[in-house]
Amino acid sequence: QVLLVESGGGLVQAGGSLRLSCAGSGPTFGSNVMGWFRQAPGKEREFVAAISRSVGSTYYADSVKGRFTISRDNTKNILYLQMNSLKPEDTAVYYCAANPAGDIRSGRGYQYWGQGTQVTVSS
């Protein structure tokens, strides 16, 4: 059963924009918190952004703050990540995730994960 499916990745030039989408099903959007993570080759998976359902609070890694915007449409069960002013260091596979066990910034605590979508930013 596929619970989270990312889309919208691709190749863009530095300074460009891209919007990622994550379609959820089942219990994934019942989670209070959903988030985006990314992993570059040879690097550990890192937190990008998260959003709460009950309050609508958003959380961002310092590296993307002011450039990325996370949002969710609970009616359509879609999680979004709007990425602006992209930099080459943003190049990574981006994953959406749902239902953290504890620390929302930890890539080890989420119960549900998508398969990932590649984002490549050229300089």
Side-chain angles (χ1 to χ4, degrees):
Q1 182 181 6
V2 178
L3 300 178
L4 296 172
V5 180
E6 303 96 334
S7 62
L11 174 64
V12 298
Q13 292 185 337
S17 298
L18 200 64
R19 188 183 75 169
L20 305 183
S21 299
C22 174
S25 63
T28 57
F29 272 77
S31 301
N32 182 48
V33 175
M34 297 188 68
W36 287 96
F37 290 79
R38 65 187 183 186
Q39 186 169 22
K43 304 292 184 179
E44 294 186 354
R45 186 171 299 181
E46 67 172 337
F47 170 78
V48 176
I51 184 170
S52 67
R53 172 178 54 83
S54 59
V55 183
S57 300
T58 56
Y59 312 85
Y60 296 94
D62 289 340
S63 59
V64 306
K65 191 175 301 181
R67 300 188 297 120
F68 291 10
T69 302
I70 187 172
S71 62
R72 62 190 294 174
D73 186 333
N74 293 321
T75 301
K76 297 181 178 180
N77 288 354
I78 301 177
L79 178 71
Y80 299 100
L81 183 67
Q82 178 65 48
M83 304 183 294
N84 299 323
S85 301
L86 284 163
K87 304 175 181 179
E89 50 263 45
D90 294 319
T91 296
V93 176
Y94 284 70
Y95 302 88
C96 66
N99 194 26
D103 186 2
I104 63 173
R105 291 176 169 81
S106 173
R108 301 180 62 185
Y110 283 75
Q111 182 177 3
Y112 305 106
W113 292 89
Q115 85 289 349
T117 184
Q118 177 71 49
V119 172
T120 302
V121 184
S122 62
S123 59

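Residue indices begin at 1 and follow the sequence shown. Keep in mind that the numbers below use all heavy atoms, side chains included, and drop hydrogens, waters and symmetry copies. The structure displayed is predicted, hence computed values, not measured ones.
- Between Gly114 and Tyr95, the shortest heavy-atom contact is O-CD2, 3.5 Å.
- To the nearest 0.5 angstrom, Gln118 atom CD is 9.5 Å from Leu11 atom CG.
- Atom CG of residue Leu4 and atom OH of residue Tyr112 lie 9.0 Å apart, to the nearest 0.5 angstrom.
- Residues Ala50 and Ile104 share a closest heavy-atom pair of CB-CD1, 4.2 Å.
- A donor-acceptor pair is defined here as one N or O able to donate and one able to accept, closer than 3.5 Å; no such pair exists between the side chain of Thr117 and the backbone of Glu6.
- The structure places CE of Met34 at 10.5 Å from CD1 of Ile78, a figure rounded to the nearest 0.5 Å.
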Leu79 vs Ile51, test: side-chain contact (heavy atoms from CB on, under 4.5 Å). Steps then yes/no. CA-CA 9 Å; Leu79 178 71; Ile51 184 170; 3.8 Å; yes

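- For the atom pair CD of Glu44 and CZ of Arg108, the computed distance is 9.5 Å after rounding to the nearest 0.5 Å.
- The main-chain N or O of Thr69 is never found under 3.5 Å from a side-chain atom of Tyr80 such that the two would form a donor-acceptor pair.
- Contact check on Lys65 versus Asp62 returns a salt bridge, with a Lys/Arg side-chain nitrogen under 4.0 Å from an Asp/Glu carboxylate oxygen.
- Residues Asn32 and Arg72 approach most closely at O-NH1, 3.7 Å, considering heavy atoms.
- The shortest side-chain heavy-atom distance between Leu86 and Gln13 does not fall under the 4.5 Å cut-off.
- In summary, the aromatic rings of Tyr59 and Phe47 are positioned with their centroids too far apart to meet the 6.0 Å limit.
- Residues in residues 31-110 take part in these disulfide bond (SG atoms under 2.5 Å apart) pairs, two or more places apart or across chains: Cys22-Cys96.
- Residues Tyr110 and Val33 are in side-chain contact: their nearest non-hydrogen atoms beyond the backbone lie under 4.5 Å apart.
- Side-chain contact check for Met83 versus Trp36: every heavy-atom pair is 4.5 Å or farther apart.
- Between the CG atom of Leu18 and the OH atom of Tyr94 there is a distance of 9.0 Å, given to the nearest 0.5 Å.
- Closest of all the heavy-atom pairs between Ser17 and Gln82 is CB-NE2, 4.0 Å.
- For Glu46, the salt bridge (Lys or Arg N to Asp or Glu O under 4.0 Å) test picks out Arg38, with sequence neighbours left out.
- Residue Pro88 comes nearest to Ser123 through the heavy atom pair CG-CB, 3.8 Å, listed as atom of the first residue, atom of the second, then distance.
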